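Right, one structure below, let's go through it.
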Amino acid sequence: MKDKLVLFFATGCGISLFVPFAPGTFGSLPGIALAYALSGLSVVPQIAVCAALALLAVPVCGRAETLLGVRDDGRISADEWMLYPIAFIGLPVASLPWWAMAVFFGVVRLVDIIKPPPTKGLQALPGGWGVMVDDLVANLYALALNWLIFLWTFSR
C-alpha cells in the first residue's frame, strides 16, 4: 500500500503513467492547483511550504526510482508538480488572467527542459536528490523570469 501511494504521488497523481509523451509536462499539472492554493498565503509561509514540499519530494522520488527500476525515470513527476509553486512565490496567482498563467507555465517547462547551468549537473546527485534538486534550481530560474514578465506586463 505504501509503495502504491508513493507511486501515485511520484507520478503526478498517476498522470505521468498514462501519457505517451511529455510525462513531466502533464505530470506537473497538479502543481498548478498547488500554486493557486498557496497564492492565498503571504510570502514567508509560501516559502516554508515550498521548502517542505521540496524536502518531501526527495524520498518520494528516491523510492519511486527504486520501484520503477530506472534512474530519474521520466514517469516520475513529483519533482515537477511538488516544486512547481516555487516559480510563483509572491506572485498574485489568483488574480492573474489565464493567458499569464499559461505563459508562466511555459516558462517553467522551458527552463526545466533547457536546464541552464548548473541545473543539469545537479542530476548527478544520488537518489531522490538527483531527481529533485535540478528542478528546484530550474524553478528558481523560472521564478526570476516569471517575476520579470509580471513586472514588465502588469506594472505599467
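Computed from heavy atoms alone, side chains included, the values below leave out hydrogens, waters and symmetry copies. No experiment lies behind these values; they were computed from the predicted model shown.
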Checklist entry - With L83, which of V137, L34, N139, V108 fulfils side chain to side chain contact (heavy atoms under 4.5 Å, CB included)? => result N139
If Ile, Leu, Val, Met, Phe, Trp and Tyr residues are connected whenever their side-chain heavy atoms lie under 4.5 Å apart, and connections chain through other members, are [X] and [Y] in the same group?
{"X": "V43", "Y": "L41", "value": "no"}
{"X": "Y141", "Y": "I149", "value": "yes"}
{"X": "I76", "Y": "V133", "value": "no"}
{"X": "V70", "Y": "L17", "value": "no"}
{"X": "F26", "Y": "F105", "value": "yes"}

Are [X] and [Y] close enough that some pair of their side-chain heavy atoms sits under 4.5 Å apart?
{"X": "I15", "Y": "P30", "value": "yes"}
{"X": "C50", "Y": "I89", "value": "yes"}
{"X": "S28", "Y": "R109", "value": "yes"}
{"X": "K2", "Y": "R63", "value": "no"}
{"X": "Y84", "Y": "D135", "value": "no"}
{"X": "F88", "Y": "S39", "value": "no"}
{"X": "L56", "Y": "F9", "value": "no"}

Using modelled atom types only, decide if a donor and an acceptor are shared between the side chain of [X] and the backbone of [Y] within a distance under 3.5 Å.
{"X": "Q123", "Y": "G130", "result": "no"}
{"X": "S95", "Y": "P92", "result": "yes"}
{"X": "T119", "Y": "K115", "result": "no"}
{"X": "E65", "Y": "D73", "result": "no"}

Shortest non-hydrogen contact between [X] and [Y], atoms and distance:
{"X": "G90", "Y": "Q46", "answer": "N-OE1, 2.9 Å"}
{"X": "V60", "Y": "A78", "answer": "CG1-CB, 4.0 Å"}
{"X": "A64", "Y": "A10", "answer": "CB-CB, 3.4 Å"}
{"X": "S77", "Y": "S16", "answer": "OG-OG, 3.3 Å"}

Item to check | More than 12 heavy atoms from other groups under 6.0 Å of CH2 on W147 | outcome: yes
Output the distance between atom [atom1] ([X]) and atom [atom2] ([Y]), rounded to the nearest 0.5 Å.
{"X": "F104", "Y": "L143", "atom1": "CZ", "atom2": "CG", "value": "10.0 Å"}
{"X": "D112", "Y": "T25", "atom1": "CG", "atom2": "OG1", "value": "8.0 Å"}
{"X": "M82", "Y": "C61", "atom1": "CE", "atom2": "SG", "value": "7.5 Å"}

Item to check | Side chains of R75 and T11, donor plus acceptor under 3.5 Å | outcome: no
Next on the checklist: If you apply the rule salt bridge (charged side-chain N to carboxylate O under 4.0 Å, His left out), what do you find for K120 with D134, and how did you get there?
Outcome noted: CA-CA 6 Å; K120 191 171 188 104; D134 65 306; over 6 Å; no
Checklist entry - Is the W99 ring parallel, tilted or perpendicular to the F154 ring (thresholds 30°, 60°)? => result parallel
Checklist entry - Could you go step by step and tell me if L110 and L145 meet the side-chain contact (heavy atoms from CB on, under 4.5 Å) rule? => result CA-CA 11 Å; L110 185 63; L145 291 171; over 6 Å; no
